[in-house]
Participant: 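Structure incoming, see below.
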Amino acid sequence: MEVFRLQNKKFPIELSGKGASMTGARWNSKGTEVVYTAQNRALAMAEVVVHLTLSTLPKGFCMITIFIPDDVLILNFDTQKLPSDWNVFPENAPTQKIGDELIRQNEFAVIKVPSAVVKGEFNYMLNPHHKDFERIKIIHQEDFPFDKRIFK
């Protein structure tokens, strides 16, 4: 399976989870390392665009294609277990606790979670501490200039 990540090139192009651990996000609190990816390029872009404006749009983004071998087990998180306000912004502690616990349990290298940005789409959290993580590889990267019409 391939998943995608849109990333600013001013940061190292690597799969470490360190960036997410510095700030925390929807599915992790500060201190929990996780790599956020999306099921397709459009979702990867949407997940980034919601945090930007035309005036804050940095240059130098790239789209990263990541390969997950078919035999790597993926947890399909049961969305019925989510609180009703799971997708509010800013993120709330319940979803961060869920993600932190799933990473801590270390049973899966990949966890499929719903996107809060695009209903019906999914993101894939990669657990850098799982034994199968080393088999997950960046297979392609290319420059990704944003179309300015997005911010009209």
Participant: With Glu134, which residues qualify under side chain to side chain contact (heavy atoms under 4.5 Å, CB included), at least two apart?
Facilitator: none
Participant: Remaining members of Leu43's ILVMFWY cluster at a side-chain heavy-atom cut-off under 4.5 Å?
Facilitator: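 Noted: Leu43 shares its cluster with Val50, Val117, Val118.
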Participant: A side-chain contact here means heavy atoms from C-beta on lying under 4.5 Å apart; do Phe4 and Thr65 qualify?
Facilitator: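 Counting from C-beta outward, Phe4 and Thr65 do come under 4.5 Å.
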Participant: Considering only residues two or more places apart or on different chains, which pairs with a residue in residues 67-80 satisfy side-chain hydrogen bond (donor to acceptor under 3.5 Å, both in side chains)?
Facilitator: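 Checked against side-chain hydrogen bond (donor to acceptor under 3.5 Å, both in side chains) - neighbours excluded - the pairs reaching residues 67-80 are Asp71-Arg135.
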Participant: Hey, what else clusters with Val34 if you join Ile, Leu, Val, Met, Phe, Trp, Tyr whenever side-chain heavy atoms sit under 4.5 Å?
Facilitator: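 Listed partners: Trp27, Tyr36, Leu73, Leu75, Phe77, Leu82, Trp86, Ile98, Leu102, Ile103, Phe108, Ile111, Val113, Met125.
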Participant: Which residues pass the salt bridge (Lys or Arg N to Asp or Glu O under 4.0 Å) test with Lys112, not counting sequence neighbours?
Facilitator: none
Participant: If you measure only the distance, is there a donor-acceptor pair under 3.5 Å linking the side chains of Asn28 and Glu33?
Facilitator: no
Participant: Got a donor-acceptor contact below 3.5 angstrom from the Asp132 side chain to the Val72 backbone?
Facilitator: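 No, because the side chain of Asp132 does not come within donor-acceptor range (under 3.5 Å) of the backbone of Val72.
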Participant: Run the salt bridge (Lys or Arg N to Asp or Glu O under 4.0 Å) test against Lys30 and tell me which residues pass, sequence neighbours left out.
Facilitator: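 With neighbours one apart ignored, the set is empty.
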Participant: With sequence neighbours excluded, what pairs up with Arg26 under the side chain to side chain donor-acceptor pair (under 3.5 Å) test?
Facilitator: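 Arg26 satisfies side chain to side chain donor-acceptor pair (under 3.5 Å) with no residue once adjacent residues are dropped.
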Participant: Answer yes or no: is there a side-chain heavy-atom contact under 4.5 Å between Leu15 and Ile138?
Facilitator: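 A side-chain contact exists here, since the closest heavy-atom pair is under 4.5 Å.
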Participant: Got a sec, which residues hit side chain to side chain donor-acceptor pair (under 3.5 Å) with Asn87, two or more places apart in sequence or on another chain?
Facilitator: none
Participant: Which pair of heavy atoms, one from Pro94 and one from Pro83, lies closest together, and at what distance?
Facilitator: CB-CG, 4.0 Å
Participant: Please list all pairs meeting salt bridge (charged side-chain N to carboxylate O under 4.0 Å, His left out) that have one or both residues in residues 38-51, counting only residues at least two apart or in different chains.
Facilitator: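 Passing the test, one end in residues 38-51: no pairs.
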Participant: Would you please name every residue forming a side chain to side chain donor-acceptor pair (under 3.5 Å) with Gln96, sequence neighbours left out?
Facilitator: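 Here no residue qualifies.
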Participant: By the ring-ring contact (aromatic ring centres under 6.0 Å, His included) test, which pairs, at least two apart or in different chains, include something from residues 124-144?
Facilitator: Phe144-Phe146
Participant: Under the side chain to side chain donor-acceptor pair (under 3.5 Å) test, which residues partner Arg104, sequence neighbours left out?
Facilitator: Glu101
